[in-house]
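First comes the structure, then the notes that go with it.
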There are 2 protein chains.
Amino acid sequence: MHGDRDPRPTLEAVAAHAGVSRATVSRVVNGGRGVREELREQVRRSVELLGYVPNIAARSLVTRRTGAVAVVIAEPETRVFSDPFFAQQLRGISRELRQRDMQLLLVLIEQPKDYERIGRYLSAGHVDGALMFSLHGADPLAAMVRESGLPTVFGGRPGWPGAETESGLLYVDTDNRGGARQAVAHLRARGRRRIAVITGPLDQTSAQDRLDGYHDALAESDGAPRQATPLVAHGAFTAEGGEAAMAELLDADPEIDAVFAGSDLMASGALRTLHRRGLRVPEDVAVVGYDDLEPAAWSEPTLTTVRQDVERMGSMMAELLLRKLDLEAGDAPPAPVVTEARLIVRGSS
Amino acid sequence: MHGDRDPRPTLEAVAAHAGVSRATVSRVVNGGRGVREELREQVRRSVELLGYVPNIAARSLVTRRTGAVAVVIAEPETRVFSDPFFAQQLRGISRELRQRDMQLLLVLIEQPKDYERIGRYLSAGHVDGALMFSLHGADPLAAMVRESGLPTVFGGRPGWPGAETESGLLYVDTDNRGGARQAVAHLRARGRRRIAVITGPLDQTSAQDRLDGYHDALAESDGAPRQATPLVAHGAFTAEGGEAAMAELLDADPEIDAVFAGSDLMASGALRTLHRRGLRVPEDVAVVGYDDLEPAAWSEPTLTTVRQDVERMGSMMAELLLRKLDLEAGDAPPAPVVTEARLIVRGSS
DNA sequence: CCAACAAGTGAGAGCGCTCTCACGCCCCCC
DNA sequence: GGGGGGCGTGAGAGCGCTCTCACTTGTTGG
């Protein structure tokens, strides 16, 4: 049905039509440098007329460039993938890639046995570079990528041992620590004196950084009396986890008058527990989340939270990768990027 | 930095190593039919040893197959893209494609001017087929695809004029009408007698089908007295829309004792309005949503809703496309698929 | 015992493109 | 007026693979 009629013109055909050589048409198609204006125009007309589109397979066979970038999501069962976030990041990535006429190859890894296949695939030169999300701990992909030398940018600061000092490591992260500090400082400014925190899994840098920010804010002297002891519970970045963590915190210290949850999902769980125990938000206990997911704006009460420009993070990842890809010898290599986080004050604090 | 050392072995190298011809290695790599078992094993060892991976560019240059499928999302600003749904569908698609060693090319369309580029891209033979989501009304892509003859499967039943009767049109949809009928029948079985509906934009078949299902259920005779007049309001598939629609419905008829919202998002808006007006759910007004998004399970009260197997829909789309791709002459062409929808009863009804 | 055939293998063309190199032309300078 | 240097163009090789076709070998049947 398809493919048997294949009227796609080749370079050859365009060249014949324009009365020039293949080489000249190729030059015009790829920027037109070094071709007389008049000829160039003529070739362009032929291209237009015949509806010529380059065959990328043939092109990439000789250039050794594929014009494609892999977006790799490890363990798509996890939070990162089901987040609405993820869609936004993809949008940012897609926008940037399109500007450069590059394709976006989506690679989802589910089973451990996929790893080897993917690693092989990535090393095989099928893509020019990769963007990787949600690698935990010592993810085997990191090593594979390093070995293969495939240019890669990570989404979120990588947390494997030694990542800190690895030179040339490229990532885009948001200022989790600063965002958390803002959130907790805000609670202090509101006069709260027993502020608890609910953290995500601390093997993820985002969770650890947010916890660090909490400690930072407690240690700041803003004239108000210091809160001596941190109150920490773990919520696994899920609503259920937040629910349990809040209960645990209240059991340990009923005097708590505020809680900073490391994600909106955990905050929603915390709200449920507070509600169940008859505590009013924000009168008795103030609540701040993190992420600014859409539902945060329509919970009861609306949730104070920390926002990050997710789409921009996506486009910066792509941009970083593209910059690395056409690095000329002698150019300064690009550096990791950390984007700003901003507190959004709503009804829950 | 990368690519200058390029130790990737070619077919030639493997052939030399195994002491056979290029053709034989090619045969082994592509299934091994017509090669003596002994030789085959020997070639496999060489492949393994050298770490040979076929160069897809070279391959697709001659086979005219790219081994890639485009997943096209039109207007990714819309609900369909930011849905958690979307991630699930992708997962289903990805799983199916991986089994067949096909790549997933993600194409997001944002601006009208992208359309032409994409249309050209799709017709240019860069992919073997396409999966398309969220095409509204007379989306230009539909025409482009038809013209180019690119094998395509749609996500959701297409709604453009004439789509109904178009032969060979392939799509995967969920039984929106049946799901809605179940939801409303459930409300009737609970003894509700003034059941309203909040619909999505009726230019999307899913919204229209759900409305039809509502009418179906009202018309069913189940022994209970019939509800004479349907009560319909429009909510645009958003929380805000649901909020406004619910207010409108209550203003028009304060006796309403149940509402079926065409999406969970609209249901959440409706809940807010009911809450604000001091109406108890489900005592005064029962609420049923549609989609079974994650937050549905943790709203207050938990939301009765209709679930569809989204991931399965994704994998069926991919499967349908792959079936169409390797259709031999004489095979029966695949047909559209409509998957089941299932009512999930929770606290709000 | 040889023709006919099947099965396994290799030689070689060619997919559509880029890119190097050589060539021709014109301009400038000595 | 001739040599050197640029610039624009074309010829041709070759990227790594598949696939057709011819060849060799082993098997069968007349």
Side-chain angles (χ1 to χ4, degrees), chain A residues 3-44 46-47 50-68 101 121 123-126 128 326, chain B residues 3-44 46-47 50-68 101 123-126 128:
Chain A
D4 36 13
R5 48 148 192 100
D6 195 355
R8 289 220 288 137
T10 69
L11 250 204
E12 189 78 50
V14 177
H17 185 271
V20 297
S21 75
R22 230 165 47 231
T24 298
V25 179
S26 175
R27 276 188 275 258
V28 173
V29 169
N30 296 294
R33 290 153 46 94
V35 178
R36 211 155 21 99
E37 176 55 34
E38 183 197 330
L39 255 196
R40 209 189 308 166
E41 211 23 70
Q42 183 177 332
V43 169
R44 284 226 188 84
S46 296
V47 164
L50 300 181
Y52 170 75
V53 183
N55 179 322
I56 34 167
R59 173 182 288 170
S60 88
L61 180 56
V62 32
T63 59
R64 267 108 208 308
R65 277 268 203 149
T66 63
D101 260 308
Y121 180 83
S123 329
H126 296 340
D128 295 337
D326 37 47
Chain B
D4 37 11
R5 45 148 193 99
D6 195 352
R8 289 221 287 137
T10 67
L11 250 203
E12 190 79 50
V14 177
H17 185 271
V20 296
S21 75
R22 232 165 45 233
T24 298
V25 179
S26 175
R27 277 188 273 258
V28 173
V29 169
N30 297 294
R33 289 153 46 94
V35 177
R36 208 154 24 96
E37 176 54 34
E38 181 197 332
L39 256 195
R40 207 188 310 166
E41 210 26 68
Q42 182 176 334
V43 169
R44 284 227 187 83
S46 296
V47 164
L50 300 181
Y52 169 75
V53 184
N55 179 322
I56 34 166
R59 174 182 289 170
S60 88
L61 181 57
V62 31
T63 58
R64 269 108 206 309
R65 276 269 203 150
T66 63
D101 261 306
S123 330
H126 296 339
D128 296 337

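In the text below, chain A, chain B and the rest are named by the order of the sequence lines, each starting its count at 1. Just so we're clear, the structure is a prediction, and the values are computed from it rather than from any experiment.
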Whole-Å gap separating [atom2] ([N]) and [atom1] ([X]):
X      : N      : atom1 : atom2 : result
B:R65  : D:dC19 : CZ    : C1'   : 16 Å
B:L11  : C:dG12 : CG    : P     : 17 Å
A:E37  : D:dG8  : CD    : C1'   : 14 Å
B:E38  : C:dA7  : CD    : P     : 19 Å
B:I56  : D:dT18 : CD1   : C1'   : 15 Å
A:H126 : D:dC17 : NE2   : C1'   : 13 Å
B:E12  : D:dC15 : CD    : P     : 10 Å

(message) Run A:V43 and A:V20 through side-chain contact (heavy atoms from CB on, under 4.5 Å) and show every step you take.
(response) CA-CA 8 Å; A:V43 169; A:V20 297; 4.0 Å; yes
Please determine if a side-chain N or O atom of [X] lies less than 4.0 Å away from the OP1 or OP2 oxygen of [N].
X     : N      : answer
B:S21 : C:dG10 : yes
B:T63 : D:dT18 : no
A:R36 : D:dG8  : no
B:N55 : D:dC15 : no

So for [X] and [N], does any side-chain atom that can act as donor or acceptor lie under 3.5 Å from a complementary atom in the base?
X     : N      : value
A:R8  : C:dG16 : no
A:R64 : D:dG16 : no
B:R22 : D:dT18 : yes

(request) Under the side-chain contact (heavy atoms from CB on, under 4.5 Å) rule, what do B:R27 and B:L39 come out as? Steps first, then yes or no, please. (result) CA-CA 11 Å; B:R27 277 188 273 258; B:L39 256 195; over 6 Å; no
Looking only at the side chain of [X] (C-beta and beyond, no hydrogens), which of the listed nucleotides [options] gets closest?
X     : options                : result
B:R59 : C:dC17, D:dC17, D:dT20 : D:dC17
A:V62 : D:dG14, D:dG10, D:dC19 : D:dG14
A:L61 : D:dG10, C:dG10, D:dC15 : D:dC15
A:A23 : C:dT18, C:dT9, C:dC19  : C:dC19

(request) Taking all non-hydrogen atoms of both residues into account, name the closest pair between A:A15 and A:V25 and its distance. (result)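 Nearest pair, atom of A:A15 first, then A:V25: CA-CG2, 3.5 Å.
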(message) Looking at every heavy atom in both A:Y52 and A:T10, which two are closest together, and how far apart are they?
(response)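 A:Y52 and A:T10 have their closest heavy atoms at CE1-C, 3.6 Å.
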(message) On DNA chain C, compare the nucleotides closest to A:V53 and A:R27; which residue's is nearer the 5' end?
(response) A:V53
(message) Under the criterion side-chain contact (heavy atoms from CB on, under 4.5 Å), I'd like the reasoning laid out for A:Y121 against B:V53: C-alpha separation, chi angles, the key distance, then a yes or no.
(response) CA-CA 8 Å; A:Y121 180 83; B:V53 184; over 6 Å; no
(request) Using the closest heavy atom to pick a nucleotide of DNA chain D for each, name whichever of B:V25 or A:R33 lands nearer the 5' end. (result) A:R33
